[in-house]
Amino acid sequence: MWLEALVALRFLRQGWSQTLMILVGVTVGVAVIVFVTTLINGLQANIIERTLGTQSHIRVEPEKEVNRLASLPEGQQGLLLEDKRAQRLRSINNWIQFRDTLDTLPEVRAVSPVVSGPAYVRRGDVRKAVSLMGVDPPRYERIIRIHDHMVLGGFSLSAGDAIVGRLLADELGATIGSRLRLDTGEGSTAVVTVKGIFQLGVRELDLRYVYVDMKQAQALLGIPGGITLIDLTVSDLFSANDVARRIERLTGLKAESWIETNSQLMNALTSQRIATNMVSFFVAVSVAFGIASVLAVSVTQRTREIGILRAMGARRGQVLRVFLLQGGLLGLAGSIGGVMVGIGLVWGFNTFGPKLFYIPLSVALIPLTMLAATATGVLAAAAPAARASRLHPVEAIRYV
């Protein structure tokens with residue numbers, strides 16, 4: 001093997017101008033793959049973080065209420081004019097048991113019961129419709145990091161406390177210590193004190209959400225001891241649909257994943273991934289053709305040398321390995337340069353770019369790209385190597 005490697009290096013050195021050209025081509029191709037892949041992965045991670053940073057991965061709710069129709073006697077038919085039932089606020093029965101069961105699932109990272117319902121908040125003459133959120137702060141923090149988005153105060157709740165969004169606080173003229181009246185419209189009211197103001201960066205959430213203690217929300221919404229939904233996060237974002245279906249079978253409740261509620265986002269992410277794979281594929285094909293063309297010319301130029309090697313006792317397998325090694329060396333050397341250029345491009349984007357988002361360089365991407373480039377070089381060399389190994393010694397030596 002060492003002899004074949006030395007011969008391959010000698011051939012590459014003799015055709016240094018062609019070798020340099022293809023090395024530049026491989027370097028540029030690998031750099032493009034590294035940078036584009038890193039850029040798209042960073043963009044997708046940023047989009048997912050901005051979207052899912054303010055919502056759970058899976059939401060578990062009671063099934064919708066439907067009309068139950070009386071069965072007709074056998075042999076009779078009836079005409080049906082049906083109005084769908086209005087969906088009232090419903091509680092999940094045995095939610096503590098469901099919570100504990102979901103905590104044991106290996107795919108689930110966090111589980112948070114939530115009491116959610118409509119309400120009005122009033123301060124002075126100003127009255128606003130809001131979404132009342134009764135939560136257990138330690139559990140809810142594992143779903144949405146509200147603490148990281150607090151503008152004033154902290155995310156801790158006790159009886160009589162409330163955390164409101166910044167836009168809602170501006171509309172009400174409220175700040176830390178302000179007193180607000182909550183009214184659910186069914187005769188239940190409570191006066192709460194603003195203990196914190198958050199800003200999630202989503203207008204509807206900053207304008208509508210009011211967080212209170214879970215027990216207080218249960219009393220205001222008329223579901224003492226109950227909850228309206230369970231929020232979950234999972235380890236693998238893109239397996240949320242499968243986990244949701246498993247939860248439905250396990251609990252008999254309705255489980256909806258972020259993929260279902262953000263179908264357009266999922267389509268965009270899938271399209272980006274397909275586009276990235278296509279770019280990487282065609283760049284790799286162009287690199288392969290470049291290596292194959294250089295080695296094809298090398299075989300033609302070195303026909304006499306190949307014939308001499310065969311006449312001196314070199315076997316066909318040895319000649320084949322010489323040119324396969326050339327392809328592998330071209331791919332490996334070019335990939336090393338390409339990875340270095342790609343890392344430089346990523347650093348330049350993060351340092352001097354628009355800084356709209358940060359693109360982290362995946363450690364696993366570097367060896368995978370180098371391995372793929374080396375394998376591409378070997379495969380591209382297969383045809384020229386096979387042609388060289390089939391040359392007859394006498395005919396090759398007579399070649400001018």
Side-chain angles (χ1 to χ4, degrees), residues 45-59 99 109-124 126-184 190-221 227-234 237 258 261-262 355-358 360:
N46 179 261
I47 292 174
I48 292 174
E49 175 63 27
R50 289 179 179 272
T51 302
L52 300 185
T54 57
Q55 69 179 69
S56 59
H57 299 165
I58 298 176
R59 173 165 288 194
R99 181 200 63 188
R109 288 194 311 178
V111 180
S112 175
V114 177
V115 182
S116 176
Y120 292 98
V121 61
R122 176 180 293 174
R123 183 169 187 265
V126 181
R127 188 172 186 235
K128 296 290 181 180
V130 297
S131 178
L132 193 64
M133 302 287 290
V135 298
D136 177 9
R139 279 187 172 271
Y140 194 76
E141 272 279 304
R142 297 172 61 193
I143 304 293
I144 301 176
R145 297 285 298 173
I146 298 291
H147 183 78
D148 296 338
H149 300 277
M150 295 302 295
V151 178
L152 294 172
F155 190 62
S156 61
L157 293 167
S158 58
D161 293 343
I163 309 292
V164 300
R166 186 186 65 81
L167 294 181
L168 179 60
D170 290 344
E171 292 281 341
L172 297 172
T175 186
I176 299 296
S178 297
R179 308 276 285 179
L180 307 176
R181 179 175 293 276
L182 294 173
D183 181 3
T184 57
V191 176
V192 295
T193 303
V194 177
K195 292 296 184 180
I197 298 175
F198 65 86
Q199 183 174 3
L200 292 172
V202 180
R203 178 177 175 80
E204 285 303 310
L205 303 186
D206 293 341
L207 190 60
R208 302 296 179 204
Y209 273 17
V210 176
Y211 289 101
V212 297
D213 179 67
M214 184 181 292
K215 290 184 178 179
Q216 187 156 40
Q218 290 169 341
L220 284 169
L221 295 171
I227 64 168
T228 57
L229 58 95
I230 301 175
D231 282 339
L232 300 94
T233 57
V234 294
L237 289 174
W258 72 272
T261 55
N262 299 274
K355 297 183 179 179
L356 297 175
F357 58 93
Y358 176 81

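By convention here, the first residue in the shown sequence is residue 1.
- Atom CG in Leu232 sits 6.0 Å away from atom CD1 in Ile58 (nearest 0.5 Å).
- Across every non-hydrogen atom of Leu207 and Glu171, the tightest pair is CD1-CG, 3.7 Å.
- A donor-acceptor contact shorter than 3.5 Å is absent between the side chain of Ser131 and the backbone of Arg208.
- Contact record, Leu221 with Ser116: CD1-C, 3.8 Å, taken as the closest heavy-atom pair.
- For the atom pair CD1 of Ile144 and OG1 of Thr233, the computed distance is 10.0 Å after rounding to the nearest 0.5 Å.
- A perpendicular orientation is assigned to the rings of Tyr211 and Phe155, their planes being inclined by more than 60° (bins at 30° and 60°).
- Contact check for Ile146 versus Leu200: side-chain heavy atoms found under the 4.5 Å cut-off.
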Could you give me the CA-CA distance, side-chain angles and deciding distance for Ile230 and Val111, then say whether side-chain contact (heavy atoms from CB on, under 4.5 Å) is met? CA-CA 7 Å; Ile230 301 175; Val111 180; 3.5 Å; yes
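- Considering CZ of Arg122 and CZ of Arg179, their distance stands at 16.0 Å, rounded to 0.5 Å.
- Of all heavy-atom pairs spanning Val194 and Thr175, the tightest one is CB-O, 3.4 Å.
- Distance check: Met214 CE to Met133 CE gives 10.0 Å after rounding to the nearest 0.5 Å.
- The side-chain heavy atoms of Asp183 and Arg127, taken from C-beta on, include a pair separated by under 4.5 Å.
- Considering all non-hydrogen atoms of both residues, Glu141 and His147 come closest at OE2-N, 2.7 Å.
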Could you go step by step and tell me if Val164 and Leu180 meet the side-chain contact (heavy atoms from CB on, under 4.5 Å) rule? CA-CA 10 Å; Val164 300; Leu180 307 176; 4.1 Å; yes
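- No side-chain heavy atom of Thr54 sits under 4.5 Å from any side-chain heavy atom of His149.
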Walk me through it: do Arg99 and Ile227 pass the test side-chain contact (heavy atoms from CB on, under 4.5 Å)? CA-CA 11 Å; Arg99 181 200 63 188; Ile227 64 168; over 6 Å; no
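- Annotation for Gly154 and Ile163: closest pair O-CD1, 3.5 Å, computed over non-hydrogen atoms.
- Side chain of Asp213 to main chain of Gly160: no donor-acceptor pair is present (N/O by atom type, distance under 3.5 Å, no hydrogens or angles).
- With rounding to the nearest 0.5 Å, the separation of CZ in Arg59 from NE2 in His57 is 12.5 Å.
- In this structure, CG on Leu167 lies 7.0 Å from CD on Gln199, to the nearest 0.5 angstrom.
- Side-chain contact between Asn262 and Gln55 is present, with heavy atoms from C-beta onward closer than 4.5 Å.
- When all heavy atoms of Pro113 and Arg139 are compared, the closest pair comes out as CD-CD, 3.9 Å.
- A side-chain donor-acceptor contact under 3.5 Å links Arg142 to the backbone of Arg109.
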